[in-house]
Every structure is written in structure tokens, then in C-alpha cells.
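Contents: one structure, followed by commentary.
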Amino acid sequence: MPAAKATSERIPIYCALCVSRCGAIATIEDGRFVRLDPDPSHPTGQALCAKGRAGPELVYHPGRLEFPLLRTRPKGDPEPGWKRIGWDEALSITASRLRQLATESGPESVAFSLVSPSTSASDDSMAWVERLTRTFGSPNLVVAMELCGWGRHFATTFTFGAPVPGRYLPDLEHAGCILFWGYNPNHARLAHATATIAAQKRGARLVVVDPRRTEPARRADAWLRVRPGTDGALALGIAGVMIERGWFDEPFVREWTNGPLLVRSDTGRLLTGADLEGGDPGSFVAWDRTSDRPVLYDPRCVRYETGAVDLALFGEHTLETPKGSVHCQTAFELAAARCRAYSPERVEAITGVPRGEVERAARLLWEARPLAYYAWSGVEMQTSSTQIARAIAQLSVLTGSFDARGGNVLFPSVPSPAVGTEVPPRPEHSAVGLGVADRPLGPARWGFATTDELYRAILERRPYAVRGLVGFGSNLLLSHGDVPRGREALRALDFYVHADLFMNPTAELADLVLPVASGFEREALKLGFEVSPEAQSLVQLRRPVAAPPGEARSDTELVFGLAVALGLGEHFWNGDVDAAYRHQLGPSGLSLEWLREHPAGARVALETRYRKFAEEAGGIPRGFDTPTRKIELYSETLLAHGHPPLPEYQEPLVGPVSRPDLAERYPLVLTCTKHTLFCETQHRALPSLRRKAMDPEVELHPAAAAERGIATGDWVRIETPDGSVRARARLNDTLQPDVVSGQHGWWQPCPEVGAPGYDPFGPDGANFNLLIGNAAIDPISGSVPHRAYLCEIRRIQEVVAAASRRA
Ligand SMILES: Nc1nc2c(c(=O)[nH]1)N[C@H]1C(S)=C(S)[C@@H](COP(=O)(O)OP(=O)(O)OC[C@H]3O[C@@H](n4cnc5c(=O)[nH]c(N)nc54)[C@H](O)[C@@H]3O)O[C@H]1N2
Ligand SMILES: Nc1nc2c(c(=O)[nH]1)N[C@H]1C(S)=C(S)[C@@H](COP(=O)(O)OP(=O)(O)OC[C@H]3O[C@@H](n4cnc5c(=O)[nH]c(N)nc54)[C@H](O)[C@@H]3O)O[C@H]1N2
Ligand code: SF4
Ligand SMILES: [Mo]
């Protein structure tokens with residue numbers, strides 16, 4: 001019999017494995033997904049990384065979960081006794097246990113967790129998970145917000161009233177100067193990496209702040225090699241030079257920030273109309289230089305009183321008030337003084353960045369403006385992440401680049417309802433998030449819980465008991481610090497259901513594990529691709545290019561199915577995902593059927609508007625969503641909660657300056673970085689990737705290595721006050737000599753290439769986060785210092801290679 005004719009099909013999709021969401025073409029041969037290539041016709045399709053190309057290996061991996069698994073033996077038992085069950089039973093067990101917990105202890109006693117959308121296809125379902133969390137009545141969603149998203153999204157909300165640079169993305173196409181601060185798009189987001197190369201080709205300048213000489217640092221006009229965690233001092237120092245030299249957009253600062261407002265020296269509060277004779281109490285006060293008198297500013301109409309023509313940005317004044325004379329300085333005077341205190345010399349001493357480089361960077365940011373910036377992991381996982389984010393934000397403000405062409409811009413988006421949050425919370429769901437009492441301005445304010453708070457609520461029942469966890473991915477025990485406590489907490493849960501592609505060390509503590517379809521095996525609706533206005537105009541219904549293994553289902557189907565089982569079907573179109581997609585598409589006028597037939601997607605015409613804060617309605621400018629309706633260089637909100645109102649430098653809490661006692665034993669500064677070949681704690685089981693990186697590594701300077709008798713490739717022990725793990729040494733002479741950089745996420749074996757797995761909980765393993773405690777944290781956000789800690793490195797004498805092959 002003649003062989004059947006081979007069929008081959010090429011389907012335009014996008015890789016959903018990470019935040020880049022690269023446009024791609026999937027090739028299907030004889031019904032099998034065999035390869036993924038870049039799709040240059042797609043706005044994010046210039047390149048694909050090795051992870052994307054390994055897509056078929058992920059899809060057909062023998063370790064993928066295929067069926068719902070129910071634990072039949074106690075937690076902690078080395079043999080969990082997983083029993084295969086059907087989906088109906090799995091959903092009904094989950095729904096009845098969750099309902100029981102909600103009845104007994106309130107819906108807040110159930111927390112939800114989600115693998116970060118930056119490292120996975122959970123972006124496909126995040127809004128639905130949020131909707132489920134909300135309609136169930138839980139204020140607690142754990143999404144690594146304190147490690148990954150705080151600085152980008154919420155810390156800067158105190159400055160701009162909006163998430164910068166998380167949502168006001170760098171307008172790389174038009175930027176004059178690009179600033180990447182603790183961000184390496186070549187590893188993390190290829191769509192930004194290719195756009196940056198294009199921008200440099202047309203003449204844009206690039207400034208990189210990183211302790212390591214990354215690929216972008218190599219190509220940069222300035223690379224500032226900062227000591228990990230001292231970024232706040234550097235940002236203040238650069239701002240200080242800019243202000244000192246007059247390298248800042250004075251009209252912008254005067255008109256659009258709260259810099260001209262007067263601050264009382266006695267209380268630190270903004271002077272208000274109520275402080276002055278007969279003044280409107282809702283107004284603030286500035287100083288007019290021409291009339292040499294105080295003038296009122298009304299935030300409700302975002303206007304100064306008429307006649308105020310020449311607001312003073314600098315200066316101090318003593319005003320007579322009914323309660324006596326009050327000394328005041330302008331907020332900008334105070335901000336400038338704070339920045340000037342970080343002279344280039346002082347910055348050099350703190351950060352290790354040569355003073356000349358501080359000045360050169362300041363000049364570059366100013367002369368090459370508009371400035372488009374992105375700051376990420378390097379400054380998120382710090383004990384002063386809030387201050388750092390606000391200090392960096394000042395640089396954007398000084399250049400006048402906020403929402404300006406070539407600056408950080410809120411790109412237009414395809415109109416669509418906010419399905420995650422459009423359902424109002426029910427009045428009986430009145431419990432506040434876990435962290436609200438301790439950190440009222442932190443992630444809990446926006447519905448996100450940190451793992452520290454989660455573990456406390458489970459183990460100590462404070463501020464209330466959390467008894468249930470619904471995990472959509474999220475490998476908490478590998479991705480967060482305080483691992484032993486986390487393990488104890490997860491074991492102590494009354495009910496834990498975890499949905500994932502693979503069994504991971506966190507899922508192993510679940511009562512029920514559900515198999516999830518990967519991004520290549522499920523449909524997903526994406527309205528816009530974030531990185532540019534052009535990319536934002538594309539709507540794509542991603543077509544599955546392979547069948548899910550066994551009975552695996554998409555997270556979206558799981559959410560909808562669970563919602564129906566929980567009696568929440570009314571909020572989920574009674575389980576009809578297509579109806580939900582139609583609801584999302586409604587305002588755009590696009591048809592679901594059309595998109596399904598056209599996998600390359602549709603373009604929606606969008607208009608990019610800049611400086612939207614200046615747009616007027618009824619004669620009133622829109623302004624900013626802050627208490628003063630201006631950009632808040634000076635934040636009374638922070639002050640009212642006992643935090644510095646101006647960005648301030650704070651030494652890393654676990655560092656050589658704060659803890660000289662520890663530094664004696666642990667003299668090296670420890671940071672870490674993501675792996676170019678793997679996302680976070682994933683992908684080590686994929687042979688084509690693992691072959692290129694068999695073992696966890698720690699980079700150290702040749703001098704530090706020589707002192708310790710360490711050569712490249714040696715197994716070493718990384719020790720901190722909290723724990724110890726192993727890694728192989730790699731020498732890197734671009735580091736400061738006392739800085740070392742490790743990798744997190746190692747646990748999975750890859751037998752196909754003879755690569756071992758690593759014990760997630762013991763010192764002979766390689767779980768980096770065993771090294772990090774949850775005690776020293778950012779007081780506002782609870783961010784944990786995965787990127788600035790103290791450690792010592794020792795060569796491991798004995799031959800441990802054999803021991804590591806426990807897989
Ligand atoms: N290949 C790959 N891509 C990914 C991921 C992945 O794991 N692998 N993860 C995804 C996720 S979840 C995220 S959050 C993004 C993150 O993407 P990035 O933020 O780019 O992540 P990293 O490369 O780990 O960190 C950026 C840089 O911070 C530097 N750094 C370390 N400590 C400090 C410090 O104290 N100060 C400063 N200024 N810099 C410091 C590191 O040397 C590194 O070069 O990437 C996403 N994309
Ligand atoms: N030391 C150190 N620790 C870090 C970081 C660091 O740089 N250094 N980075 C931090 C950051 S930025 C982040 S975002 C977190 C990331 O931490 P996590 O959010 O835990 O992310 P991952 O480890 O990538 O994946 C967790 C699990 O999600 C599963 N998964 C993948 N895709 C899907 C999906 O579509 N659906 C479902 N249900 N499951 C899926 C994976 O199989 C994996 O088991 O780690 C943080 N921890
Ligand atoms: S950078 Fe790599 S993993 Fe991320 S979307 Fe692009 S191809 Fe996929
Ligand atoms: Mo992240």
C-alpha cells in the first residue's frame with residue numbers, strides 16, 4: 001500500500017511562554033506540531049528564543065500531567081498515593097471543599113495563586129482567575145507581585161497615579177534615550193530587545209544599569225555597574241546632577257508636578273488653604289514670584305488661581321497664618337536637596353559607579369531625551385524596592401518624558417471590558433486582604449497577597465486563617481524565600497488544589513492536582529500586544545497547534561468549569577467560554593468566528609495620543625490620579641503612613657553596610673538573574689535547552705575565586721545566614737569583585753541528556769531561595785531581597801557529582 005501523502009500546515013500563532021509573546025509560525029506535519037519559527041509579519045515576530053523553539057518538546061514531554069490526581073496518603077508521606085480520577089469528580093471535590101471552607105471560615109480563608117503571566121501562558125487566563133477570585137469572595141491572590149510587579153506597577157502609582165513603566169511602556173520606536181535599569185530584554189522579552197536594536201540603529205542612545213555586563217550593557221552608550229540594591233543612591237545622584245546643572249524640563253516640572261507646592265517645615269504636610277486666612281481648605285499653596293505672594297492651587301480643577309503666572313520651583317518662605325508664622329519650602333526644593341545630597345562622589349562610594357559615569361549618564365539622559373525607561377527584576381526584589389522605583393521615576397519626570405512621544409506612553413488599546421474586575425465585589429465579601437493591616441499601601445491594597453502573608457495566615461491564622469489554596473501553576477517553594485516555612489504552611493492547608501503542566505515540588509503538597517494544557521494546546525484571545533501602538537492594534541485568537549496530553553484542559557476551561565460547580569455560573573456565562581470571548585470582543589465589533597478562521601488576527605485602527613494628562617474636559621485638564629492631581633515627587637500619602645514622602649536611599653537591609661556583623665562571615669554580595677534558556681523554575685526538563693545548561697551556576701569575580709581556590713566549573717557551596725545550596729562556579733570579570741550572581745529555579749531532572757534533578761529542600765540541592773529569608777523586606781510592599789543579600793562561597797572539596805544524580 002502506498003504511504004499516505006505527508007501533510008504540512010503552517011499556522012500563525014504567537015509563543016505564549018513569556019511576556020514577550022513573540023509572533024510565530026507553527027508547523028504541523030502529519031498532525032504533529034514539529035517546529036516554531038519567527039513570523040516577521042507579526043508586530044512581535046522578529047525573533048524567537050530557544051525556549052519558544054523548544055515548544056514541541058514541551059508539548060510532547062513524557063512528564064506532562066495528563067489526568068486529575070487525588071492524594072490518597074497523608075501529606076509528608078513519601079508516597080502520596082496519587083489516584084487518577086475524572087474531571088467531574090475533581091471539580092465536584094474542589095467545589096464542595098471550597099464551599100465548606102467559605103461557610104466555616106469565610107471566602108477569605110481560601111487564597112488563589114497564579115504563575116506570573118510574565119513567565120507563562122497564564123496571561124491567557126489571568127483575568128478569568130481574577131474574576132473567579134473576586135466572585136468567590138477572596139481578597140487574596142498570590143502572583144509574585146512583591147517580587148515581580150510592585151515597582152513597575154504600584155510603587156510608581158504613588159508618583160504618577162498610574163503604573164510606570166509597567167503600563168506606560170517605553171516608546172522605543174521614538175525614544176531618544178533608552179534606560180534599562182535592572183532589566184535585560186535580551187533574556188526576558190525579545191520583542192523589546194529587537195525594538196531596542198532597531199532604535200539604536202536609528203540613533204537612539206542606551207543607558208544600562210546592571211551589576212553584570214549583559215548583552216544590552218555591552219551595546220550601551222553607558223553601563224553603570226551598580227552594587228546590587230544601591231540603585232536608589234544612583235538614581236538620586238543622577239537626578240542631583242541634572243538639577244544642579246539645570247538639565248531638566250523646568251516648565252514641565254512646574255506645570256505638571258507638585259514641585260511648586262509649599263511644604264510645612266514643622267509637619268512635612270503640604271500647606272493648604274485652611275492654613276491661611278480665609279483660604280479654601282481644599283486647596284494647596286504655591287509661591288508666585290512676580291507678585292511675591294502665596295497663590296492657591298485647586299486640585300479639583302487642576303488649576304492655580306488666576307494671576308499666578310510665575311510659580312517658584314525653588315525657595316523657602318515664612319508665611320503668616322492665623323496660628324502664627326509657618327516656615328515652608330517648595331516640594332521641589334526639598335526634592336532637589338535630597339538629590340544633591342547624593343553627590344557623584346558619595347554615589348561612587350555607595351554604589352561603586354565612578355563619579356564621572358554618574359555625570360555622563362545624567363548628561364545623556366538629558367541631552368538625548370525623550371527618555372523611555374524600563375526597570376524590572378534587578379530593582380524589584382529589594383528591601384527598598386518602593387524607594388528605588390520612585391527614585392528612578394524622577395529621572396523620567398525631570399526629562400519631561402512622561403506620556404510624551406518617545407517617553408513612557410500609555411499606548412492605545414482595543415476597547416474591551418475589564419473582565420477580571422468588572423463584577424463588583426458583593427457587600428458580604430467585606431474581608432480585607434491579608435497584608436492590609438501591616439502594609440496598607442502595599443500589594444494588598446490592590447488584592448494581592450505576598451507569600452510571607454500567606455504563610456503566616458496559614459500557620460498562625462493571623463490576621464485570619466487561610467485554610468484553602470487554589471493554585472494555577474505557581475511554584476511557590478522554588479520561586480519564593482522562606483522555603484521551609486512555606487513547605488510547612490502548604491502542608492498545613494485543609495485543602496490545596498493545584499493545576500499545572502508538570503508535577504512540581506509545590507504541587508506535590510496538594511490534595512488534588514489538575515492537568516493543564518500548555519499555550520500551544522489551547523485557544524486564547526489576545527487583544528493587543530503591549531509593546532508598541534502597532535502591536536496594540538492586533539487582536540489574535542491563538543489557535544491550538546496540538547492536542548493537550550491526556551485529559552489536560554486549559555486554565556480558562558478549568559476556571560469556567562469550577563465557577564459553575566461553585567454556583568458562580570451567572571458570572572461565567574454558565575461555563576460558555578465562547579460567550580465570554582464575545583463579551584470581550586463586543587466593543588471592538590470583531591467576530592469570534594472570523595477570528596477563529598483567521599488565526600493571523602485582525603487589526604483595529606487605534607489612535608496614539610500623547611500627554612493625555614493635559615487633555616481638557618469642560619476646561620479642566622485631566623491631570624493625574626493622585627491626591628494633588630499632579631505628578632507627586634512629594635507624596636503625602638506615603639508620609640501619612642510613616643514613610644518618606646520623597647524618594648530616599650535606603651541601604652539593602654541584608655548588606656555589608658546595614659549588617660557589618662553578618663558581613664564578617666558572609667563578605668560577598670549575592671544577587672541572581674534569570675536564565676536565558678529557561679523561564680523561572682520551568683523548562684529544565686526540555687532536552688534541547690538543558691543540553692546547553694546542565695547545572696546551576698554562580699558567577700563570581702576571578703579575584704574572589706582565586707582567594708577561595710575556585711576555578712570555573714568547580715562545584716561550590718553558596719552560604720547565607722538562612723541556608724546553603726550548591727552551584728558550579730563561573731568566572732565573570734565584569735562583576736565588582738565582591739559581587740556574586742546565582743540562578744534560581746533548579747530542581748527538575750532531564751534524564752534524556754543525563755542531567756540531574758536537585759533536592760528542593762536540602763543543602764545538597766540548588767534551590768537558590770533556600771538562601772533567602774522573608775524577614776528583611778520592603779516596609780511598604782513586603783518585597784524580598786532576592787537581589788541583594790550576603791553570602792560566602794566555598795569550594796566543595798568532595799566529589800559530589802555522583803550525589804547530585806539523585807534523579
Ligand atoms: N529567558 C527568560 N525570560 C524571562 C523569564 C525567565 O525566567 N527567563 N522570566 C520572565 C519574568 S517572570 C520576568 S519578571 C522578566 C524579568 O526580566 P528581567 O528583569 O530582565 O530579569 P533578569 O535578567 O533576571 O534581571 C535583569 C537584570 O537585573 C540585574 N540585577 C541583579 N541585581 C541587580 C541590582 O541590584 N540592581 C540592578 N540595577 N540590576 C540588578 C541582573 O544582572 C540582570 O541582568 O523576564 C521574563 N522573561
Ligand atoms: N531568587 C529568585 N527568585 C525569584 C525570581 C528571581 O529572579 N530570583 N523571580 C521572581 C519572579 S519575577 C517571578 S514572576 C516568580 C515566578 O515564579 P512562578 O510564578 O512560580 O513561575 P514559574 O516558576 O515560571 O512557574 C511555576 C509553575 O507554573 C506552571 N505553569 C506554566 N505555565 C502554566 C500555565 O499556563 N498554567 C498553569 N496552571 N501552570 C503553568 C509551571 O509548570 C510551573 O510548575 O519567581 C520569583 N522568584
Ligand atoms: S522570548 Fe522566547 S519564550 Fe518568550 S515569547 Fe518569545 S519565543 Fe516565547
Ligand atoms: Mo516575574
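Remember, it's 1-based here, ligands and their atoms both numbered in the order they're listed.
Listed by number with element, the atoms of ligand 2 under 4.0 Å from a non-hydrogen atom of Asn475 are 20 (O), 26 (C). The ligand atoms of ligand 2 that sit less than 4.0 angstrom from a heavy atom of Phe768 are 1 (N). Residue Asp555 approaches ligand 2 through these ligand atoms, each under 4.0 Å from one of its heavy atoms: 34 (C), 35 (O), 36 (N), 37 (C), 38 (N). For ligand 2, the atoms sitting less than 4.0 Å from at least one non-hydrogen atom of Ser474 are 20 (O), 26 (C), 27 (C), 28 (O), numbered in the order shown with element in parentheses. Which parts of ligand 2 touch Phe472 is read off a 4.0 Å heavy-atom cut-off, strictly below it: atoms 38 (N). Interface atoms of ligand 2 facing Gly473, defined by a heavy-atom separation under 4.0 Å, are 28 (O), 29 (C), 37 (C), 38 (N), 39 (N). Near Ser122, the atoms of ligand 2 lying under 4.0 angstrom from a non-hydrogen atom of the residue are 35 (O).
Inter-residue side-chain proximity for Thr450 and Trp150 is flagged as unmet; no heavy-atom pair is nearer than 4.5 Å.
Polar contact with ligand 2: absent for Val516 (N/O pair, distance under 3.5 Å). Residue Ala499 has at least one nitrogen or oxygen atom sitting less than 3.5 Å from a nitrogen or oxygen atom of ligand 2, judged on distance alone.
The 4.0 Å heavy-atom shell around ligand 1 contains residues Lys51, Ser118, Thr119, Cys148, Trp181, Gly182, Tyr183, Asn184, His187, Ala188, Val209, Asp210, Pro211, Arg212, Thr214, Val226, Pro228, Gly229, Asp231, Trp376, Ser377, Gly378, Gln382, Thr671, Cys672, Thr673, Lys674, His675, Thr676, Phe678, Cys679, Glu680, Arg787, ordered by chain and number.
The list of side-chain hydrogen bond (donor to acceptor under 3.5 Å, both in side chains) pairs with a residue in residues 48-57, not counting sequence neighbours, reads Glu57-Ser688. Each salt bridge (charged side-chain N to carboxylate O under 4.0 Å, His left out) pair with one or both residues in residues 675-691, not counting sequence neighbours, appears once here: Lys674-Glu680.
Counted by atom type alone, Arg21 and Thr44 present zero donor-acceptor pairs between their side chains at under 3.5 Å. Between Ser554 and Glu523, the side chains place no donor N or O within less than 3.5 Å of an acceptor N or O (distance only, hydrogens not considered). For the residue pair Asn186 and Glu215, no side-chain donor N or O sits within less than 3.5 Å of a side-chain acceptor on the partner. If you check the side chains of Tyr455 and Asn774, you find no donor sitting under 3.5 Å from an acceptor. Side-chain polar atoms of His480 and Asn769 form no donor-acceptor pair below 3.5 angstrom.
A perpendicular orientation is assigned to the rings of Phe560 and Trp128, their planes being inclined by more than 60° (bins at 30° and 60°).
Looking at Asn769 against ligand 2, only its side chain comes within 4.0 Å, counting heavy atoms.
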request  = Check the pair Trp746, Phe678 against ring pair (Phe, Tyr, Trp, His ring centres under 6.0 Å), reporting the backbone distance first and the verdict last.
outcome  = CA-CA 10 Å; Trp746 289 85; Phe678 315 114; 5.5 Å; yes
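For Glu719, the salt bridge (Lys or Arg N to Asp or Glu O under 4.0 Å) partners at least two apart in sequence or on another chain are Arg794.
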